[in-house]
Amino acid sequence: MDEEIKFIIDSAEESMQKAITHLEKELTKIRAGKASPNMVSGVMVEYYGAKTPLNQVGNVNTPDARTISIQPFEKSLIQEIEKAIQVANLGFNPMNNGESVIINVPPLTEERRKELAKQAKAQAEDAKVGVRNDRKSANNDIKKTDVSDDEKKNAEVDIQNLTDKFIDKIDSILATKEKEIMTV
């Protein structure tokens, strides 16, 4: 196989893997019944005039399956953390005990489970679009190379096989997450 074509295929595979990694990261933010520090990872707190990720202004722990505890590095941040969690619209009602912010994670209703499953499907669809865009980009790069038509066709088949493999992997990840979300 031509070195240039091998490089194009390897680059496409690397880009497709990044789509999978991004999907897995995004799916950890979708809660599935038990409390996880990742549930509040997207929360940004107003800290001395700058928006700062929650995990940089305090320790985020899960003492049990239904509770998230946030211990701020500075006690003066408790109000800001509570406000940031409410603004993030995660469906949580934060409380404070003067020392830390506590979030009791309520059990999911059937309706909320279906909503979260739809969110997961949307994330998976975005990942599939990313993989297909990587395929299109790789095929365009292959067409620009100076190799025989047979080699171009073989390379396009390899890219398609790679795409199918990653799409199947995305479907598998989604099925696992949906099962996790829908399990009561």
Side-chain angles (χ1 to χ4, degrees), residues 1-45 51-56 60 68 84-92 105 108-184:
M1 182 184 293
D2 186 71
E3 212 173 286
E4 190 176 4
I5 290 197
K6 180 157 178 37
F7 176 76
I8 292 169
I9 291 172
D10 289 346
S11 304
E13 184 172 14
E14 190 178 312
S15 296
M16 291 176 185
Q17 185 57 51
K18 285 180 183 172
I20 297 278
T21 305
H22 179 74
L23 172 65
E24 288 170 337
K25 182 178 163 217
E26 290 300 311
L27 289 180
T28 61
K29 294 178 184 175
I30 297 175
R31 72 185 185 116
K34 65 177 186 173
S36 161
N38 288 331
M39 292 176 167
V40 292
S41 64
V43 175
M44 300 298 273
V45 178
K51 293 280 186 190
T52 309
L54 180 61
N55 64 356
Q56 290 182 12
V60 182
I68 299 173
I85 291 167
Q86 289 170 336
V87 168
N89 198 16
L90 301 172
F92 297 139
V105 180
L108 295 172
T109 62
E110 185 67 24
E111 185 180 316
R112 183 72 176 139
R113 286 180 192 281
K114 288 179 181 173
E115 205 176 289
L116 292 173
K118 279 184 189 175
Q119 265 184 10
K121 264 192 182 117
Q123 293 289 346
E125 197 51 48
D126 288 348
K128 286 181 184 180
V129 167
V131 168
R132 291 183 190 121
N133 284 341
D134 294 333
R135 173 188 62 193
K136 182 179 179 187
S137 174
N139 283 339
N140 287 340
D141 290 346
I142 288 169
K143 287 176 185 164
K144 294 175 189 171
T145 60
D146 296 327
V147 295
S148 69
D149 287 346
D150 285 346
E151 280 191 65
K152 287 180 183 179
K153 289 279 183 233
N154 290 340
E156 287 176 5
V157 167
D158 290 346
I159 293 287
Q160 185 58 48
N161 290 339
L162 204 56
T163 303
D164 294 342
K165 180 179 107 178
F166 279 97
I167 296 288
D168 289 345
K169 196 171 184 179
I170 289 169
D171 288 336
S172 165
I173 291 169
L174 175 62
T176 304
K177 187 64 177 183
E178 280 182 325
K179 183 177 180 227
E180 189 181 313
I181 290 170
M182 297 311 282
T183 302
V184 180

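In this structure, the side chain of K128 does not engage the main chain of I167 through any donor-acceptor pair within 3.5 Å. Looking only at distances, a side-chain donor or acceptor of S15 sits under 3.5 Å from a matching main-chain atom of S11. In this structure, the side chain of K177 engages the main chain of L27 through a donor-acceptor pair within 3.5 Å.
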Applying salt bridge (Lys or Arg N to Asp or Glu O under 4.0 Å), run through E13 and K165 and close with a yes or a no.
CA-CA 10 Å; E13 184 172 14; K165 180 179 107 178; 3.6 Å; yes
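A salt bridge links E125 and R132; the closest N-O separation between the charged side-chain nitrogens and carboxylate oxygens is under 4.0 Å. For D149 and K153, the salt-bridge test fails: no basic side-chain N is under 4.0 Å from an acidic carboxylate O. Using a 4.0 Å cut-off between charged nitrogen and carboxylate oxygen, E115 and K118 do not count as a salt-bridge pair.
D168 CG to I173 CD1: the interatomic distance, rounded to the nearest 0.5 Å, is 11.0 Å. In this structure, CG on D134 lies 9.5 Å from CG on L162, to the nearest 0.5 angstrom.
Between V43 and A88, the closest heavy-atom pair is CG2-CB, 3.9 Å.
Put simply, the side chain of M39 reaches to within 4.5 Å of the side chain of I68, judged on heavy atoms. You'll find the side chain of D164 reaches within 4.5 Å of the side chain of Q160, heavy atoms only. Using a 4.5 Å heavy-atom threshold, the side chains of T145 and D2 count as separate. Side-chain atoms of K169 and Q17, non-hydrogen and from C-beta on, do get closer than 4.5 Å to each other.
Residue-environment remark: CD (Q56) exceeds the threshold of 12 foreign heavy atoms within 6.0 Å.
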